[in-house]
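Notes to accompany the following structure.
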Amino acid sequence: MQLRENRASVSASLLAADFSCLGSEIKRIEQAGADMLHYDVMDGCFVPNISFGEVILESIKGLVTKPIDVHLMIVDPVRYVKDFAAAGASSITVHAEAAEDIVPALKAVRETGCLAGISVKPSTPVEVITPYLDLIDIILIMTVEPGFGGQSFMPEMLDKIAAARALADSTDRHIYVEVDGGINGETAALVKERGADLLVSGSYLFGAKDPAAAVAGLKA
Ligand code: DX5
Ligand code: ZN
């Protein structure tokens, strides 16, 4: 396996923010140098938890200066693609497991002008993405079971990240390999070596005493 020393972009997961002061939390994490804001939508069905929907996104979009990276952990995501695009999303990622046929959702995302992403849970092989490579800009590898922040990174996902990078590099376009779950200073180095170039981080960043140093550590 080829190991890399790439720099990566950082997408800060708002799920770990203090919701009682979301506006100042967004400012704080943007000033710390986050490249994007990661917005986790959970429906209590595709995953056990319920988080927030397009109404909250609509209300914060005016405050956000960075691209908003929407991660839909919901069944039949095609139903909500237009709403999240209108509410301010820059990219929308759907799960390969979330519909019998995920192509209409990916096409709907592209039609809105947002970047389109596809995500796989830890138990889903990355190869299921192969038929969709022409329709996507992001492969999101879950490095925890989706549904909750603050879980531990699953090291057994490292080979899958390398396989995702190989799939992405088999195309003639840039496709991000994004990783989500348990990313901190140590696990960031491991995933970047495997070719991840977009790192989601929630509890580590929002809980950091010095968020700017934490963001810089993840990128470097
Ligand atoms: C989990 C979410 C993640 C989560 C990451 O289902 O998709 O984006 O917020 O949180 P941390 O970085 O705390 O693992
Ligand atoms: Zn996420």
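All ligand and atom numbering here is 1-based and tracks the order in the structure.
Closest heavy-atom contact between Ala164 and Val126: CB-CG2, 3.9 Å. Nearest approach of Val120 to Lys160, heavy atoms of both residues: CG2-CE, 3.8 Å.
Distances from the Zn ion (ligand 2) to each N, O or S atom of Asp180 single out OD2 as the nearest. Of all the N, O or S atoms in Asp40, the one closest to the Zn ion (ligand 2) is OD1.
Hydrophobic clustering (ILVMFWY, side-chain heavy atoms < 4.5 Å, transitive): Ile138 and Ile129 are in distinct clusters. In terms of hydrophobic clustering, with Ile, Leu, Val, Met, Phe, Trp and Tyr side chains grouped at heavy-atom distances under 4.5 Å, Ile141 and Ile175 are assigned to a common cluster. Note on Leu106 and Tyr176: separate hydrophobic clusters, where clusters join Ile, Leu, Val, Met, Phe, Trp and Tyr whose side-chain heavy atoms are under 4.5 Å apart, directly or indirectly.
For the pair NE2 of His38 and ND1 of His71, the angle whose vertex sits at the Zn ion (ligand 2) is 100° to 10 degrees.
Looking at atom 9 (O) of ligand 1, its nearest protein heavy atom turns out to be Ser13 OG, 2.8 Å. The nearest heavy-atom contact from the protein to atom 1 (C) of ligand 1 is Phe148 O, 3.5 Å. The nearest heavy-atom contact from the protein to atom 14 (O) of ligand 1 is Gly182 N, 2.8 Å. For atom 12 (O) of ligand 1, the nearest non-hydrogen atom of the protein is Gly202 N, 2.8 Å. Among all protein heavy atoms, the one lying closest to atom 10 (O) of ligand 1 is Gly149 CA, 3.7 Å. Of all protein heavy atoms, the one closest to atom 3 (C) of ligand 1 is Asp180 OD1, 2.9 Å. Shortest contact from atom 6 (O) of ligand 1 to any protein heavy atom: Gly147 N, 2.7 Å.
In this structure a side-chain-to-backbone donor-acceptor pair under 3.5 Å is present from Arg28 to Phe206. Thr143 places a side-chain N or O within donor-acceptor distance of the main-chain N or O of Gly181, the cut-off being under 3.5 Å.
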Item to check | Derivation and outcome, salt bridge (Lys or Arg N to Asp or Glu O under 4.0 Å), residues Arg194 and Asp159 | outcome: CA-CA 8 Å; Arg194 270 68 176 189; Asp159 285 349; 5.3 Å; no
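The aromatic rings of Phe52 and Phe19 sit perpendicular to each other, their planes meeting at more than 60°, with 30° as the lower class boundary.
If you look at Ser203 next to ligand 1, the close heavy atoms, those under 4.0 Å, come from the backbone and the side chain alike. With a 4.0 Å heavy-atom cut-off, ligand 1 is reached by no atom of Tyr204.
Close N/O approach between Gly150 and ligand 1 is found [any backbone or side-chain N/O within under 3.5 Å]. Considering backbone and side-chain atoms together, Ile183 places no N or O closer than 3.5 Å to any N or O of ligand 1. Between Glu145 and ligand 1, no pair of N/O atoms sits closer than 3.5 Å.
Residue contacts with ligand 1 include Ser201, since one or more of its heavy atoms lies under 4.0 Å from the ligand.
The one candidate from Leu15, Asn49, Leu14 that meets the side-chain contact (heavy atoms from CB on, under 4.5 Å) condition with Asp40 is Leu15.
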